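Small disclaimer: the values here were computed from a predicted structure and weren't measured. We name chains A, B, ... by the order of the sequence lines, and we start the count at 1 in each one.
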Number of protein chains: 2
Amino acid sequence: MQLKSLRLLVAVAETGSFGAAAKRLHTVQSNVTTHIKKLEEELGVQLIHRAGRVRPTSAGLALVEYAERMLSAHDEAVSLFKGQEKACGRLRIGAMETTTALRLPTILAAYHAAQPDVDIQIKTGPTAELVELLLNGQVDCVFVAGRLEHGRYHSLKAFSEQLVLVGSTPMTKMPSSQALLTSAFLAFRQGCSYRQRIELMLASQGVNAGRIFEFGSLDAMLGCVAAGMGYTVLPRGTVEAHQHRFGIHTLALPTSIANIDTYFVAPEPETWTPALASFAETLRDAVVVNEPQLTAS
Amino acid sequence: MQLKSLRLLVAVAETGSFGAAAKRLHTVQSNVTTHIKKLEEELGVQLIHRAGRVRPTSAGLALVEYAERMLSAHDEAVSLFKGQEKACGRLRIGAMETTTALRLPTILAAYHAAQPDVDIQIKTGPTAELVELLLNGQVDCVFVAGRLEHGRYHSLKAFSEQLVLVGSTPMTKMPSSQALLTSAFLAFRQGCSYRQRIELMLASQGVNAGRIFEFGSLDAMLGCVAAGMGYTVLPRGTVEAHQHRFGIHTLALPTSIANIDTYFVAPEPETWTPALASFAETLRDAVVVNEPQLTAS
DNA sequence: TCAGGTTATCTATAAACAAGATAGTAGCGA
DNA sequence: TCGCTACTATCTTGTTTATAGATAACCTGA
C-alpha cells in the first residue's frame, strides 16, 4: 500500500471521477485505474463503485478515513522540514540553571515571536548532565560552560559571564582563609561547572573544599546565602538580577577564575530541524548585539 | 516519501543499526542505506547519525514520531480488511422503526457477541428514506420492505411479517366503512411502506384515505392508538411485543394486504468489509433458524 | 439506438528497486 | 600505531514497477 495510491483513492472519492482525480494529482487516468486496482487486489475488497456514478463503497469509505489520517500525518511531517518561513514542531533545549534564569528569557521571547508554532521544552541541569542529554539525543541543543571537545558537534560561544563571590555581608576583599574554612559553600548539584570554580577558588586561597551544600534551584540557593548560610559563586549578571530580592553582596574574583564562557552546543547543522536552525539564528543575532566578537567552531 | 522507507527508518532508530533493521524487515543493508538516504535528500536533513553510534538525529527523531502515526494508521487499516477472525471498524445499518424494535435486538446481540470490535450505528427511517441512504453510501446495509429492484444490489429476504389492524377496542371483524371514514389513521412519516398498506386497505374497503397522522416513533404511535386516537397497521409481532404495555387490540387483515416481507439489502458482496460480511452471515444464520425457506438474489 | 463521457486494457519506455559484491570508515584493543 | 572487527556507502546487474498515451469497452441519458 503506497501513500501515492491512497492519495489517488481520496481524490477519486472526492471528485467522483478517475479522470478528475488524475488531473488533480497531475497524472493520467490509466494510472489512477491501476493504483486503485492494486489497492483492491491487495485488500481483497472492491473500494470504488464503477457502474454508473463512481463513488466509494463502504469498504472504500472506511479506507479513505484511514488514508486521510495517514496523509495528514505525512503532510504535517513534510511541513516540519519543508515549511516555508514558519518552522513548527518541537525544540528541546538544555541549559544550566543560571543561563535559564539570566539569559534565556530574552532569547526565548524573541524566538517565540518569530516562530510561534514551535513547542519549546527546557531542561535544566549542570553541564555534565546536559552534555549527557545531548549525546543521548534527549535534547536538541544545550547551553553549557565550555565548548564540547567531542568532534561532530557544533559549538558557538554564546555568553561570557563574570563569576563573583556571593555572601550575606558586604565584602571589600577576599575573606580570610580562616573565614573560608569555617564557612559553608552552596553550589548546584554534582556536575555543575560553577562548582568546579568554587573548588578552584578555594584551592587558590590554600583552602581545601570544606562543606559544600548542593542545591537544585537558584532561588533556594540565594535565599540560603542571604540567610547567612554561607558563600556561593555565581555569574555577576545572575546575582544582580536577583539582588533586589535577597540581602546579598558580591565580591569580584580574580580574572583567571572569574571568566567563564557559556557555549551553545548542538549536533552538526545538517541534522537541524528548521525549528533548531531558526533558534540558532535567533541566538546568533542576540549574541552579535551583545558582544560582536563571537566565535564559532 | 514511502511507507516502506519510514518503516525502515523506524527500524533503524529502534535497532541502532542498518544491518539489524534490514534483517528485521527481510531485506539487505544496502537497501536500508538507499531508503534512508532518499528520505534525507527528500527532506534536506540528515536523519541518522552515522559516525560512531548509529542513532537518529533530532530531525530523525521528529520524523520517527510522525512515521509511527502513519504506520499505525496503515496497520490498522490493513487489519480492517485482513484481520483474521475478528472484524473491526464500523457497521452502519439502516432499518425501519418496526424492524429495529422487533427483529434487530436479537441479531445485534448475536453479532456483537461474535464481533465485539465493530462499532454499530443504527439509522431508522421509512423504506424510501433508507433506500436513499443506501444509494448515497451513508449506510452499509438496510432492512426495508420489499426487495430493491435496482441491479448491483444484494437482496436477502430476512423476515416475513403479518400486518394487523390495531385499535383501542377489541375487534372481531373489520370496522365498517363508516367507522373507518370517521377514524383517524396513525402511520410513520412519508415513505413508510406500511403506510401504503393502510391506504391499500382503506381502498379495499371502498374508503378514501382520510386523516393520517404521522409519527416518528413506534411508542408514540401505540400510545396514541391506545388513547383511542384512531387505528394503525403494524406487524403482528411488533404489536404483540408491546401489547402488555398498551391497551390495544388487533384484527387480522386479509392475506393479500397483510403479508409483507422485510429484505436485507446491501451492495454487492465484493464491496463488503469483513464487518459487513460477518453481519450478513449472522443474519443468514438467524433467518435460517426462524424460517428455513429463505430466498437470496 | 446513438452520442458523450468515463473506465479498463495494452504497450513501449523510463524509472525504481532489490540483492550481492566490494570498498571505505570508525572504534577498539594490543 | 597497527591491525582487527563491525559497520555503512557505493557500485553493478537483473528484475520489477511506474508512467503516459492510444485504444477498446462500457454506462448513462436523450
Side-chain angles (χ1 to χ4, degrees), chain A residues 1-43 45-57 60 135-137 148-153 267-268 270-271, chain B residues 1-43 45-57 59-60 135-137 149-153 267-268 270-271:
Chain A
M1 189 186 300
Q2 292 196 320
L3 288 173
K4 217 185 305 180
S5 310
L6 293 173
R7 194 152 256 145
L8 284 169
L9 176 71
V10 171
V12 168
E14 283 178 0
T15 62
S17 146
F18 283 45
K23 198 168 291 178
R24 181 197 284 193
L25 296 180
H26 311 101
T27 179
V28 295
Q29 168 265 322
S30 62
N31 290 330
V32 179
T33 298
T34 310
H35 273 272
I36 300 288
K37 220 173 110 182
K38 196 171 166 192
L39 274 180
E40 289 179 331
E41 278 166 14
E42 201 174 326
L43 298 174
V45 188
Q46 189 177 331
L47 297 169
I48 300 286
H49 286 295
R50 263 82 153 196
R53 273 284 156 284
V54 168
R55 59 191 186 74
T57 63
L135 260 42
N136 290 338
L148 189 55
E149 283 313 324
H150 195 302
R152 285 190 300 275
Y153 278 85
E268 299 154 295
E270 295 79 48
T271 73
Chain B
M1 189 186 302
Q2 290 195 318
L3 289 173
K4 216 184 306 179
S5 310
L6 293 173
R7 196 153 254 142
L8 284 170
L9 175 72
V10 172
V12 168
E14 284 178 0
T15 61
S17 145
F18 282 47
K23 199 169 288 178
R24 180 196 286 195
L25 296 180
H26 310 101
T27 179
V28 295
Q29 168 264 323
S30 61
N31 291 330
V32 179
T33 297
T34 311
H35 273 273
I36 300 289
K37 219 173 112 183
K38 197 170 165 193
L39 273 179
E40 289 179 332
E41 277 166 14
E42 202 174 325
L43 298 174
V45 188
Q46 189 177 330
L47 297 170
I48 301 285
H49 286 295
R50 263 81 152 199
R53 273 280 159 285
V54 167
R55 55 189 188 78
T57 64
L135 261 45
N136 290 339
E149 284 312 325
H150 196 301
R152 283 191 298 277
Y153 277 85
E268 299 153 293
E270 295 80 50
T271 73

Participant: Choosing from D:dA20, C:dA18, D:dT10, which nucleotide comes nearest the side chain of B:Lys4?
Facilitator: C:dA18
Participant: In whole Å, I'd like the distance from the CZ atom of A:Arg55 to the P atom of C:dT7.
Facilitator: 14 Å
Participant: Is A:Val54 touching bases, backbone alone, or none of the nucleic acid, heavy atoms closer than 4.0 Å?
Facilitator: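 The residue A:Val54 makes sugar-phosphate contact but no base contact.
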Participant: Tell me what B:His49 touches on the nucleic acid: a base, only sugar-phosphate, or nothing, going by heavy atoms under 4.0 Å.
Facilitator: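 Contact class for B:His49: none.
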Participant: Would you give the length of the straight line joining atom CD of A:Glu41 to atom CG of A:Leu47, rounded to the nearest 0.5 angstrom?
Facilitator: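 The CG atom of A:Leu47 is 11.0 Å from CD of A:Glu41, to the nearest 0.5 Å.
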Participant: Write down the distance between CZ (A:Arg50) and P (D:dC27), rounded to a whole number of angstrom.
Facilitator: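 The distance from CZ of A:Arg50 to P of D:dC27 comes to 13 Å, rounded to the nearest Å.
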Participant: Between B:His35 and C:dA18, is there a side-chain N or O to OP1/OP2 distance below 4.0 Å?
Facilitator: yes
Participant: Taking only residues two or more places apart in sequence, or in another chain, which ones meet B:Thr27 in a side-chain contact (heavy atoms from CB on, under 4.5 Å)?
Facilitator: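 For B:Thr27, the residues satisfying side-chain contact (heavy atoms from CB on, under 4.5 Å) (neighbours in sequence not counted) are B:Leu8, B:Ala22, B:Asn31, B:Val32.
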Participant: Can you confirm whether B:Gln2 sits close enough to B:His35 that some side-chain heavy atom of one is under 4.5 Å from a side-chain heavy atom of the other?
Facilitator: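 Side chain of B:Gln2 against side chain of B:His35, heavy atoms only: contact under 4.5 Å found.
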Participant: Using atom CZ of A:Arg53 as one end and atom P of C:dT7 as the other, report the distance to the nearest whole Å.
Facilitator: 11 Å
Participant: When rounded to the nearest 0.5 angstrom, what is the spacing between CG in B:Leu9 and NZ in B:Lys4?
Facilitator: 15.0 Å
Participant: Figure out the CG/C1' separation between A:Leu3 and D:dA18, and round it to whole Å.
Facilitator: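 My rounded result for the distance is 16 Å.
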Participant: Between B:Glu40 (CD) and D:dT10 (P), how many Å, whole number?
Facilitator: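 It is 11 Å, rounded to the nearest whole Å.
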Participant: Tell me: CD of B:Gln46 to P of D:dA9, nearest whole Å?
Facilitator: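 The distance from CD of B:Gln46 to P of D:dA9 comes to 9 Å, rounded to the nearest Å.
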Participant: Given atom CG of B:Leu47 and atom C1' of D:dA9, what is their separation to the nearest angstrom?
Facilitator: 16 Å
Participant: Please determine if a side-chain N or O atom of B:Gln2 lies less than 4.0 Å away from the OP1 or OP2 oxygen of C:dC17.
Facilitator: yes
Participant: Classify the nucleic acid contact of A:Ser17 as base, sugar-phosphate or nothing, counting any heavy atom under 4.0 Å across all strands shown.
Facilitator: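 Sugar-phosphate contact only - A:Ser17 comes under 4.0 Å of backbone atoms but never of a base.
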Participant: Supply the atom-to-atom distance A:Lys23 NZ to A:Leu25 CG, rounded to the nearest 0.5 angstrom.
Facilitator: 12.5 Å
Participant: Please determine if a side-chain N or O atom of A:Asn31 lies less than 4.0 Å away from the OP1 or OP2 oxygen of D:dA20.
Facilitator: yes
Participant: As an exercise, state the distance from CE of A:Met1 to CG of A:Leu39, rounded to the nearest 0.5 Å.
Facilitator: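 Interatomic distance, A:Met1 CE to A:Leu39 CG, rounded to 0.5 Å: 6.0 Å.
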Participant: Please confirm whether the shortest side-chain N or O distance from B:Thr33 to OP1 or OP2 of D:dA9 is below 4.0 Å.
Facilitator: yes
Participant: What residues form a salt bridge (Lys or Arg N to Asp or Glu O under 4.0 Å) with A:Arg24, not counting sequence neighbours?
Facilitator: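 A:Arg24 satisfies salt bridge (Lys or Arg N to Asp or Glu O under 4.0 Å) with A:Glu14 only.
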Participant: Among D:dT8, C:dA8, C:dA18, find the nucleotide with the atom closest to the side chain of B:Phe18.
Facilitator: D:dT8
Participant: Just the rounded figure in Å: distance from C1' of D:dA6 to NZ of B:Lys23.
Facilitator: 12 Å
Participant: Contact class for A:Ser30 vs. all strands (heavy atom < 4.0 Å): base, sugar-phosphate, or nothing?
Facilitator: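 Answer is base: heavy atoms of A:Ser30 come under 4.0 Å of a base.
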Participant: Measuring to OP1 and OP2 of C:dT9, would you say a side-chain N or O of A:Lys37 lies under 4.0 angstrom away?
Facilitator: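 So the side-chain polar atoms of A:Lys37 do come within 4.0 Å of the phosphate oxygens OP1 or OP2 of C:dT9, strictly under.
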Participant: Could you give the distance from CZ (A:Arg53) to OG (A:Ser17), rounded to the nearest 0.5 Å?
Facilitator: 10.5 Å
Participant: Want to settle it: does A:Thr34 or B:Gln29 sit nearer the 5' end of DNA chain C, counting the closest nucleotide to each?
Facilitator: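 Final value for this comparison: A:Thr34.
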Participant: Which angle, to the nearest 10 degrees, lies between the helix axes at the two ends of the helix from C:dT1-D:dA30 to C:dA30-D:dT1, each defined by five pairs?
Facilitator: 40°
Participant: May I ask you to verify if any side-chain N or O of A:Lys38 is less than 4.0 angstrom from the OP1 or OP2 atom of D:dT17?
Facilitator: no
